[in-house]
Amino acid sequence: MNIFANEYQSFGIKMKVHKEGTGLLLSLFTIFFIVDVTLYHTVGKGSLFYTVSFFTSLFFLLILNFFRSPARRFPFDSEGLVIAPADGTIVAIEEVMENEILHRPCLQVSIFMSIFNVHANWFPVNGTVKHVSHQDGRFMAAYLPKSSTENERSTIIITTRGGVEVMARQIAGALARRIVTYAKVGDKCHVDEQMGFIKFGSRVDVFLPIGTEVLVEMDQKVTGNQTPIARLEKK
């Protein structure tokens with residue numbers, strides 16, 4: 001395994017390691033290698049050495065799998081569609097009053113990401129980034145409704161080419177301690193581009209105009225950059 005190459009083989013499929021995980025993986029690999037070599041030279045090939053080696057290898061592979069970054073492109077015309085910004089499960093489809101930034105009623109669609117999901121986030125629509133902000137907060141479980149307004153979060157507003165405002169909110173979870181947002185105000189964005197990354201279990205909310213046609217159901221599994229979740233009304 002060569003993590004310096006930023007790629008690895010998983011079940012015969014070449015996968016890229018996300019840039020957000022390179023430093024952590026390098027540190028873990030170095031620490032675990034030193035631990036295993038030290039044990040080998042102090043206790044030899046005993047049960048302790050094999051047990052520790054097994055668990056360090058397993059843990060490293062789990063973290064490596066978490067930071068996988070599959071190459072994806074939406075296979076159809078994405079104009080007018082809202083595409084899932086993250087892998088995970090639909091945990092909310094509801095009308096809410098968004099009082100933090102938009103200050104108007106919205107249709108909220110929320111995707112919960114477990115630690116086993118890809119944690120890269122994609123832009124949900126094509127357009128221009130109008131707003132980017134970050135709010136500090138708590139780290140309660142991301143599947144709870146209150147996490148949308150009380151957890152640490154980053155918010156991105158995109159104006160589509162049709163003039164519709166779509167807001168995406170990256171939300172930290174109980175394990176997540178770092179939200180990375182690549183979007184910058186004024187950027188032209190596309191659904192095939194990554195909006196950011198959230199480390200470990202977390203959530204992404206998408207806020208849409210009331211009346212938007214929703215294409216997913218509660219508890220449905222979705223794939224970032226692949227699953228259409230809504231269709232915007234034409235102005």
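On a predicted model such as this, the values are computed, not experimentally measured, just so you know.
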Charged N to carboxylate O below 4.0 Å: is that the case for Glu98 and Arg104?
no
Can you confirm whether Arg153 sits close enough to Glu100 that some side-chain heavy atom of one is under 4.5 Å from a side-chain heavy atom of the other?
yes
Lys130 bridged to Asp187 by N-O distance under 4.0 Å
no
Gln135 side, atom CD; Ser154 side, atom OG - distance, nearest 0.5 Å
7.0 Å
For the residue pair Thr181 and Gln170, confirm or rule out a side-chain donor-acceptor distance under 3.5 Å.
yes
Where is the tightest heavy-atom contact between Cys189 and Thr128, given as atom of each residue plus distance?
SG-N, 4.3 Å
Residues Thr155, Val132; criterion side chain to side chain contact (heavy atoms under 4.5 Å, CB included); working and verdict:
CA-CA 6 Å; Thr155 304; Val132 179; over 6 Å; no
Mind checking whether Trp122 and Glu193 have side chains closer than 4.5 Å, heavy atoms only?
no
Can any side-chain N or O of Asp219 pair as donor or acceptor with the backbone N or O of Val91 at less than 3.5 Å?
no
Return the OG1 to NE2 distance between Thr159 and His131, rounded to the nearest 0.5 Å.
11.5 Å
Quick one, Ile157 with Leu102, criterion side chain to side chain contact (heavy atoms under 4.5 Å, CB included). Give me CA distance, side-chain angles, the key distance, then yes/no.
CA-CA 9 Å; Ile157 298 177; Leu102 296 174; 3.7 Å; yes
Are Met113 and Ile83 connected in a single hydrophobic cluster, I mean Ile/Leu/Val/Met/Phe/Trp/Tyr linked by side-chain heavy atoms less than 4.5 Å apart?
no
Angle between ring planes, Phe33 versus Phe29, binned at 30° and 60°: parallel, tilted or perpendicular?
parallel
Tell me, do Ile111 and Arg203 make a side-chain contact under 4.5 Å, heavy atoms counted?
no
For Pro209 and Leu107, the nearest pair of non-hydrogen atoms, with its separation, is O-CB, 4.1 Å
Between Phe76 and Val191, is there shared hydrophobic-cluster membership here, with clusters defined by ILVMFWY side-chain heavy atoms closer than 4.5 Å?
yes
Using distance alone, with no hydrogens and no angle criterion, decide if Asp205 and Ser110 have a side-chain donor and acceptor under 3.5 Å apart.
yes
Could you state whether Val125 and Val216 fall into the same hydrophobic cluster, counting links through intermediate Ile, Leu, Val, Met, Phe, Trp or Tyr residues with side-chain heavy atoms under 4.5 angstrom apart?
yes
Going from CG on Asn225 to CE on Met195, what distance comes out if it is rounded to the nearest 0.5 angstrom?
11.5 Å
Donor-acceptor pair, distance only, cut-off 3.5 Å: does the side chain of Gln220 make one with the backbone of Glu217?
yes
Minimum side-chain heavy-atom gap Arg231-Val82 below 4.5 Å:
no
If we check side chain to side chain contact (heavy atoms under 4.5 Å, CB included) with Val166, which of these qualifies: Asn126, Leu208, Ile156?
Leu208
Do Val37 and Phe49 land in one hydrophobic cluster if side-chain heavy atoms of ILVMFWY residues count as linked below 4.5 Å?
no
Does the Arg72 side chain pair with the main chain of Gly224, one donor and one acceptor, at a distance under 3.5 Å?
yes
Once the angle between the rings of Phe59 and Phe32 is folded into 0 to 90°, is it parallel (under 30°), tilted (30 to 60°) or perpendicular (over 60°)?
perpendicular
Show the numbers, then the answer: is there a side chain to side chain contact (heavy atoms under 4.5 Å, CB included) between Ile158 and Glu165?
CA-CA 6 Å; Ile158 302 161; Glu165 282 189 346; over 6 Å; no
Check: Asn117 main-chain N/O paired with His119 side-chain donor or acceptor under 3.5 Å
yes
Without hydrogens or angle criteria, can the side chains of Asp36 and Thr56 be said to hold a donor-acceptor pair below 3.5 Å?
yes
Quickly, which of Thr227, Val222, Val214 forms a side chain to side chain contact (heavy atoms under 4.5 Å, CB included) with Ile90? Name it, please.
Val222
Does any non-hydrogen side-chain atom of Glu152 lie less than 4.5 Å from one of Ile179?
yes
Residue pair Arg169 / Ile101, side-chain heavy-atom distance below 4.5 Å:
yes
Between Val164 and Glu233, what is the shortest heavy-atom contact and its length?
CG2-O, 4.1 Å
With Asp192 via salt bridge (charged side-chain N to carboxylate O under 4.0 Å, His left out) - residues at least two apart:
Arg73
Ile198 vs Val180, side chain to side chain contact (heavy atoms under 4.5 Å, CB included): CA-CA, chis, key distance, verdict:
CA-CA 6 Å; Ile198 312 178; Val180 181; over 6 Å; no
Find the distance between NZ (Lys188) and CZ (Phe123) and round it off to the nearest 0.5 Å.
12.5 Å
Could you pull out the closest heavy-atom pair between Thr212 and Ala230, with the gap in Å?
CG2-CB, 3.8 Å
Hydrophobic clustering (ILVMFWY, side-chain heavy atoms < 4.5 Å, transitive) - are Val35 and Tyr50 grouped together?
yes
Considering only heavy atoms from C-beta outward, does the side chain of Ser202 approach that of Ile171 to under 4.5 Å?
no
Note: Ser78 and Phe74 closest approach over all heavy atoms is CB-CD2, 3.7 Å
